[in-house]
Amino acid sequence: MVSSWPRTSYVTGGGAAEVALIALSSARLPDPLPVSRAKHGMPDEGIGPASVALVARDRVDDPAWFAEQVLAPFTELIATDLGPSAAATALAAEHAYVIEAQLDDPDDLGHVQAAWALAKCVCEEGAAVVIDVYAARAHLGAEVAALPPERTFDVMHEVTLFFDEQDDGTLAAWSLGLRKFGRPDLVLLGLSPDGATDAALLLRDIAQTLASGERVEPGDHVGAPGGSVFLAEAFDPASAPLVAVDNAALV
């Protein structure tokens, strides 16, 4: 029996949780897929697993969709994360397996767990690359196939942290992927150039808190290791155009 990943600090009133994974393959995979609860880590029960759907899309049937929804937005990401060989494999893919889930304010993380269980099965059957759309990250199919089915939740597998230098020489740091949990992404501005490590740890810790079900709203104070306290405010994209978040965010 595989239990859903819990949200140990769950507070009601969060937003809709959304997951989107795209697995790319050069060969058509079995239909139906041989998904196993024990082998792939599919949770046994709950609304989360029931919310997950898998749709196969073939390039020959809809080349425009393949070009516009997969190759154009994600080829550079795949090359950056996985290298030119993986990007070439993605460009040559003939089949996309789209795994999606959407549900309101879930009280556990079974939907995320179930999505990766399907991705693990797809990759065991031959998919070469998996794109985690909302975290803006690409994974090798072999690595997804090797995920232990009994693993515990790891926030840094689900959330990606980005850093970039602003015009004034300070750093901006932000997360992508908290949309999976119905929570806003996180932004830090005005960081010193040598503050990236501390910023990454802070973002990781707050992301873990939100993934576990806690809520942070504009006006809330957030404590950090060392005694620092941060004030959360709604992020205005116009205040830092280089910060690319496709989700509600707190700064």
Side-chain angles (χ1 to χ4, degrees), residues 16-37 39-43 48-103 109-149 157-160 162 176-181 185 244-247:
E18 298 179 86
V19 177
L21 307 175
I22 303 173
L24 301 177
S25 175
S26 60
R28 185 185 295 275
L29 305 185
D31 183 15
L33 285 162
V35 181
S36 161
R37 295 188 187 280
K39 186 177 180 182
H40 300 117
M42 179 68 72
S51 73
V52 179
L54 184 150
V55 176
R57 304 290 295 260
D58 298 329
R59 188 198 290 253
V60 67
D61 294 334
D62 195 348
W65 177 90
F66 222 95
E68 295 167 7
Q69 301 299 319
V70 178
L71 302 182
F74 297 118
T75 299
E76 183 177 351
L77 170 69
I78 294 168
T80 299
D81 285 358
L82 304 178
S85 177
T89 298
L91 285 169
E94 292 293 332
H95 308 278
Y97 293 84
V98 183
I99 301 165
E100 294 182 300
Q102 181 173 354
L103 68 167
L109 300 179
H111 62 294
V112 179
Q113 194 174 0
W116 284 112
L118 283 175
K120 176 176 169 63
C121 179
V122 167
C123 291
E124 286 181 356
E125 296 297 324
V129 172
V130 175
I131 303 157
D132 185 340
V133 174
Y134 297 131
R137 188 189 303 184
H139 299 265
L140 288 173
E143 294 176 353
V144 175
L147 289 172
H157 186 264
E158 309 301 333
V159 174
T160 307
F162 293 88
L176 288 181
L178 285 163
R179 184 170 176 172
K180 299 177 187 178
F181 317 120
D185 276 301
V245 290
D246 186 19
N247 183 28

Name the one of L77, V98, L21 that satisfies side-chain contact (heavy atoms from CB on, under 4.5 Å) with I131?
L77
Give me the atom names and distance for the closest heavy-atom approach of [X] to [Y].
X: E124; Y: A145; result: OE2-O, 3.7 Å
X: I78; Y: A90; result: CD1-CB, 3.6 Å
X: L24; Y: A93; result: CB-CB, 3.9 Å
X: V159; Y: G177; result: CG2-C, 4.2 Å
X: A23; Y: V130; result: CB-CG2, 4.1 Å
X: P30; Y: E125; result: CG-OE1, 3.4 Å

Evaluate R59 against L71 for side chain to side chain contact (heavy atoms under 4.5 Å, CB included), listing each step before the verdict.
CA-CA 11 Å; R59 188 198 290 253; L71 302 182; 3.6 Å; yes
Close side-chain approach of [X] to [Y], heavy-atom, < 4.5 Å:
X: V19; Y: W116; answer: no
X: Q102; Y: E100; answer: no
X: D185; Y: L176; answer: yes
X: M42; Y: L118; answer: yes
X: L147; Y: H157; answer: yes
X: D132; Y: K180; answer: yes
X: F66; Y: D58; answer: no
X: T89; Y: L82; answer: no

Gap separating the [atom1] atom of [X] from the [atom2] atom of [Y], nearest 0.5 angstrom:
X: R28; Y: E94; atom1: CZ; atom2: CD; result: 10.0 Å
X: S26; Y: H95; atom1: OG; atom2: NE2; result: 7.5 Å
X: I99; Y: H111; atom1: CD1; atom2: NE2; result: 14.0 Å
X: Q113; Y: H40; atom1: CD; atom2: NE2; result: 14.0 Å

Please determine whether the number of non-hydrogen atoms from other residues, nucleotides or ligands lying under 6.0 Å from atom CG of D246 exceeds 12.
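No, because the 6.0 Å sphere around CG of D246 holds 12 heavy atoms or fewer from other groups.
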Counting distance only, does the side-chain N/O of Y97 pair as donor-acceptor with the main-chain N or O of L29 below 3.5 Å?
yes
Report yes or no: does R37 contribute a side-chain atom to a donor-acceptor pair with the main-chain N or O of P43 at less than 3.5 Å?
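The answer is yes, because a donor-acceptor pair under 3.5 Å joins these two groups.
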